[in-house]
> 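Got a structure here, written out as structure tokens. Questions coming.
Keep in mind that the numbers below use all heavy atoms, side chains included, and drop hydrogens, waters and symmetry copies. Just so it is clear: chains get the letters A, B, ... in the order the sequence lines come, proteins before strands, and each one is counted from 1.
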Protein chains: 2
Amino acid sequence: MAYLPKRLTGDQAAINEFIDKFDVFLFDCDGVLWSGDHLFEGTVETLELLRSRGKKTIFVTNNSTKSRADYLKKLTSMGIPGNVDEIFASAYSSAIYIARIMKLPAPKNKVFVLGESGIETELRSEGVEFIGGTDPALRRDITPEDYKGIADGSLLDDNVGIVLAGLDFHINYLKLAHAYQYLARGAKFLATNTDSTLPSNHTFFPGAGSISIPLINMTGQQPLALGKPSQAMMDAIEGKFHFDRKKACMVGDRLNTDIQFGIEGKLGGTLAVLTGVSKKSEWEAPGAEVIPAYYVDKLSDLRG
Amino acid sequence: MAYLPKRLTGDQAAINEFIDKFDVFLFDCDGVLWSGDHLFEGTVETLELLRSRGKKTIFVTNNSTKSRADYLKKLTSMGIPGNVDEIFASAYSSAIYIARIMKLPAPKNKVFVLGESGIETELRSEGVEFIGGTDPALRRDITPEDYKGIADGSLLDDNVGIVLAGLDFHINYLKLAHAYQYLARGAKFLATNTDSTLPSNHTFFPGAGSISIPLINMTGQQPLALGKPSQAMMDAIEGKFHFDRKKACMVGDRLNTDIQFGIEGKLGGTLAVLTGVSKKSEWEAPGAEVIPAYYVDKLSDLRG
């Protein structure tokens, strides 16, 4: 039988017990700490409260366009104190996975990137060779010479062993054609994350999943996704921070990414906030499959 | 129990009986009449033979980038005599469907097009208003103003009631963002065709399905597809040519588009050729679901 999450809002005893239970809090950001460019009231104070009680705070985001340094700038610009080591983004997660887990033998270990500079920065930081990405040579229309050279391989790099698809605001036909051909020739298929949409301005825009899905449809292959809820990301986070999963809590606004990520990762707890995508009615619905352990109306309710 | 198709190659009596059985032959083109830019030997003579015996020939293509006039140029350049009324392409099929079947009431009947000039030509020929398509104003990067204006609707056309997705060699993030937002606001979702790939240069490039799939993934909606094997296309063909389906035969190289199109359309026959995508082993495999009535090794085997 399904359980219902415990509501912490307004219950100081339960809040104290909740906070005492965990050493580490993993935070999704958009919809939890802020929405778009609007910082939620009390976010800074709530993080401060947790830190003052000795808790480790880690910011976990599927945003693949930003490097950790870029994301720290975003936190800082929102007025949230933090440091780069507290940030875990899907571009970084992907770079870690490629460099430290896949470790393809040279020379066929180059990455063809569909994505923005954040991915490039993180690949560079892990010493991973790549092509594509923000290369201006690929930001143009396809030509008859491209068809020929992509088909016969003369325009391809023989050392590409991985295609990594993230959110690419400069996606075009030429890049998709290259990516498909590398996959058809046996490259491994990775995605920073597969969120179909990107929430922005109170609506949705195409997400990283919109970049990988044409390739999934063309090849019949599914990429290994390195963002939430993929446990490859959880493994990478644990590998870096070395915490006890039972003493960690995932905080997020989306049941099918954040909360599922925490549950599948067998963390000690999951906390949903109602300031983002998912509504209370979703876990109260008959047959609901992803149910948080706790919820608050808004994050700052943890201040009591 | 599954049947096996009758092989006509080398069997003059069977060929004669086959040809006598039909008044109308619907031809897929690429993989049947030619491959890429290479005309198969005997194509022109085979069409001539059928026409000399009083048969109607109709060219049915999912190619959505070309208008019928464009496609006639392609036939002519390949040395195949024909006229524009023999051509039925998915761009035309889409225009017919929108103008004559959907007939949305004005003013909310404008089409947002993802695709090339062939679609625009056919929409114009049917008097359908559209935006998007080859408009240079959409061939650029997305800006912060776009996010705002797309989200709040100030950059959208209130009269768009349909999103039509075909193969767009100039697909980009900005166009996908517009298309998504029109769909989210209730526009009907059509696709010229949903082929995931475009065969070219003996390999594959992204097909029209690569343009619609991100929108399917974002919205959870399936478009009505107007190309093969959609019966909306068959209905449009019959509506134009008024033939007896029992006296018509679909000729093609792809089981899951061409042959399925003919079978679902309850045509009198289907003829597979082995000069394209599908192999004999596919219909001979246990559990094969799409099986042609006849096959030839190559189309010109019909010359006996």
> My understanding is that only one of B:Ser210, B:Pro199, B:Ser200 makes a side-chain contact (heavy atoms from CB on, under 4.5 Å) with B:Phe205; could you say which?
B:Ser200

> Distance from B:Glu116 atom CD to B:Ile171 atom CD1, nearest 0.5 Å?
9.5 Å

> Enumerate by number any residue of residues 189-196 of chain A whose heavy atoms lie under 4.5 Å from heavy atoms of chain B; in the absence of such residues, state 'none'.
A:Ser196

> Under a 4.5 Å heavy-atom cutoff, which of B:Ile142, B:Leu215, B:Thr203, B:Asn201 has the most pairs with chain A?
B:Asn201

> Specify whether A:Phe112 and A:Tyr182 have parallel, tilted or perpendicular ring planes, treating 30° as the upper limit for parallel and 60° as the lower limit for perpendicular.
tilted

> I need the minimum non-hydrogen distance between B:Leu114 and B:Ala179, along with the two atoms involved.
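Where B:Leu114 meets B:Ala179 most closely, the heavy atoms are CD1-CB, 3.9 Å.
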
> Any chance you could measure A:Leu72, atom CG, to A:Phe59, atom CZ, to the nearest 0.5 Å?
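Here the rounded value is 9.5 Å.
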
> Quick one: are A:Arg254 and A:Asp28 in side-chain contact, heavy atoms under 4.5 Å?
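A:Arg254 vs A:Asp28: side chains apart.
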
> Between B:Asp168 and chain A, which part of the residue has a heavy atom less than 4.5 Å away: side chain, backbone, both or neither?
backbone

> What part of B:Tyr180 is in contact with chain A, defined as an atom under 4.5 angstrom from a non-hydrogen atom: side chain, backbone, both or neither?
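It is the side chain, since no backbone atom gets that close.
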
> Between atom CG of A:Asp146 and atom OH of A:Tyr173, what is the distance when rounded to the nearest 0.5 Å?
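Rounded to the nearest 0.5 Å, the CG-OH separation comes to 11.0 Å.
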
> Strictly by modelled atom types, are B:Thr65 and B:Asn63 linked by a side-chain donor-acceptor pair under 3.5 Å?
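Note: B:Thr65 and B:Asn63 side chains meet the donor-acceptor criterion.
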
> Considering only heavy atoms, which portion of B:His170 lies under 4.5 Å from any heavy atom of chain A: side chain, backbone, both, or neither?
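The side chain, not the backbone.
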
> Name the member of A:Ala184, A:Pro206, A:Ala177 that forms the most heavy-atom pairs with chain B at distances under 4.5 Å.
A:Pro206

> Side chain, backbone, both or neither: which part of A:Asn172 has a heavy atom under 4.5 Å from chain B?
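Backbone plus side chain of A:Asn172, per the 4.5 Å heavy-atom cut-off to chain B.
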
> Do the non-hydrogen side-chain atoms of A:Lys228 and A:Asn256 ever get within less than 4.5 Å of each other?
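Sidechains of A:Asn256 and A:Lys228: no contact.
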
> For B:Leu198, which atoms come within 4.5 Å of any heavy atom of chain A: side chain, backbone, both, or neither?
side chain

> Taking side chain as everything from C-beta outward and backbone as N, CA, C, O, which of these in A:Leu174 sits under 4.5 Å from a heavy atom of chain B? Side chain, backbone, both or neither.
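When you check distances to chain B, no heavy atom of A:Leu174 falls under 4.5 Å.
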
> Below 30° counts as parallel, above 60° as perpendicular, anything between as tilted: where do the rings of B:Trp34 and B:Tyr71 land?
tilted

